[in-house]
Amino acid sequence: MMRRKENTARVIEQIESKPFSMEYIKIISGDFGNTLDLPFANAIKAGFPSVAEGYEQDSIDFNRDMIRHPEATFYGRVYGDSMVEAGICDGDIAVIDRLAEPSHGDIVVAYINNEFTIKYLDLSQRHLGIIILNPANASFEPIKIFDSDNFKVWGVVVWTIKKWKNL
């Protein structure tokens, strides 16, 4: 494992993974002081096409409309494929809220024994002193967390950003 700080202030920490189901995640702080209003179409049908006339156009600002706790929100680029069945793929960006209260079934960024990973949080065996981090890929094993592990839910994934076309 290698840990290093980048020269840029925007990169918080970078950790490479072990060969099991951990991910390599690059955590990046966000700049939420600026606004960028983007055109937003309110009605895009996923079924039969509708007449495009008369649709209302609004604007959306990612910082204003999607970030609840700007002071505690970070981005993380996901490297690996342990969450592909949840729609989180290699290269996707996770928007991580560190103030959101983690609940059973949430996708979280966890810090385990000096490494980051992104998994489903399973609290069903908490009464036995066990927390489970479940991958969304049958090729990977769940990670069982015991009281003796250095473990923390670092933040809750509230959004993901996915690139659909290489330009």
Side-chain angles (χ1 to χ4, degrees), residues 3 5-6 8-18 20-38 40 42 58-137 140-164:
R3 179 188 297 228
K5 297 280 185 181
E6 296 287 328
T8 173
R10 292 182 46 83
V11 174
I12 303 301
E13 192 162 6
Q14 186 168 304
I15 294 187
E16 294 180 10
S17 69
K18 297 264 189 232
F20 53 102
S21 64
M22 300 297 249
E23 301 290 339
Y24 163 41
I25 300 176
K26 184 177 184 180
I27 306 293
I28 305 167
S29 64
D31 174 11
F32 302 106
N34 298 317
T35 61
L36 175 62
D37 284 337
L38 301 171
F40 181 71
N42 286 328
D58 199 354
S59 69
I60 187 168
D61 183 302
F62 187 78
N63 293 338
R64 177 192 68 218
D65 298 326
M66 297 181 184
I67 304 299
R68 189 170 180 196
H69 304 110
E71 70 283 359
T73 298
F74 294 83
Y75 301 104
R77 185 169 305 274
V78 176
Y79 294 93
D81 58 0
S82 72
M83 295 298 288
V84 293
E85 293 168 21
I88 301 174
C89 302
D90 187 73
D92 288 352
I93 298 171
V95 180
I96 308 153
D97 187 333
R98 296 203 62 203
L99 287 180
E101 187 67 32
S103 300
H104 176 79
D106 283 347
I107 296 174
V108 299
V109 172
Y111 188 71
I112 312 161
N113 299 326
N114 302 317
E115 296 187 38
F116 285 108
T117 190
I118 181 171
K119 300 283 184 283
Y120 282 110
L121 180 64
D122 182 344
L123 300 174
S124 64
Q125 296 185 30
R126 193 173 197 174
H127 64 284
L128 300 173
I130 301 170
I131 294 174
I132 301 171
L133 297 175
N134 287 312
N137 182 333
F140 291 86
E141 294 292 322
I143 300 170
K144 289 187 178 181
I145 309 298
F146 300 94
D147 290 336
S148 60
D149 289 310
N150 178 12
F151 170 76
K152 180 177 184 173
V153 172
W154 196 80
V156 176
V157 176
V158 293
W159 296 92
T160 56
I161 302 169
K162 177 178 288 302
K163 183 175 183 179
W164 289 98

**Request:** Evaluate the side-chain proximity of Val78 to Thr160: yes if any heavy-atom separation is below 4.5 Å, no if none is.
**Result:** no
Distance-minimising heavy-atom pair for [X] and [Y]:
X	Y	result
Pro142	Pro135	CA-CD, 3.7 Å
Ala136	Met83	N-SD, 3.5 Å
Tyr120	Ala86	OH-CB, 3.3 Å
Ile131	Leu121	CG2-CD1, 3.7 Å
Ala110	Phe151	CB-CE1, 3.7 Å

Separation between [atom1] of [X] and [atom2] of [Y], rounded to the nearest 0.5 Å:
X	Y	atom1	atom2	result
Thr117	Ile112	OG1	CD1	5.5 Å
Leu133	Ile107	CG	CD1	12.0 Å
Ile130	Asp122	CD1	CG	10.5 Å

**Asked** Taking Ile132 as the fixed residue, which of Lys119, Arg126, Lys144 is the one that meets the side chain to side chain contact (heavy atoms under 4.5 Å, CB included) rule?
**Response** Lys144
**Message:** My understanding is that only residues two or more places apart in sequence, or in another chain, count here; which of them pass salt bridge (charged side-chain N to carboxylate O under 4.0 Å, His left out) with Lys162?
**Reply:** Asp92
**Asked** Does a sphere of radius 6.0 Å around CG in Asp147 hold more than 12 heavy atoms from other residues, nucleotides or ligands, not counting ones at 6.0 Å or beyond?
**Response** no
Show me, pair by pair, the donor-acceptor contacts under 3.5 angstrom made by side chains of residues 96-106, not counting sequence neighbours?
| unit_1 | atom_1 | unit_2 | atom_2 | d |
| --- | --- | --- | --- | --- |
| Asp97 | OD1 | His69 | ND1 | 3.2 |
| Asp97 | OD1 | Leu99 | N | 2.8 |
| Asp97 | OD1 | Ala100 | N | 3.2 |
| Asp97 | OD2 | His69 | ND1 | 2.7 |
| Arg98 | NE | Trp154 | O | 2.8 |
| His104 | ND1 | Leu123 | N | 2.9 |
| Asp106 | OD2 | Ser103 | N | 2.8 |

**Request:** Only counting residues at least two apart or in another chain, list the ones meeting side chain to side chain contact (heavy atoms under 4.5 Å, CB included) with Ile93.
**Result:** Tyr75, Arg77, Ile161
**Request:** With sequence neighbours excluded, tell me which residues meet side chain to side chain contact (heavy atoms under 4.5 Å, CB included) with Val84.
**Result:** Asp81, Cys89, Asn137
**Prompt:** Can you name the residues that form a side-chain hydrogen bond (donor to acceptor under 3.5 Å, both in side chains) with Asp149, not counting sequence neighbours?
**Reply:** Asn113
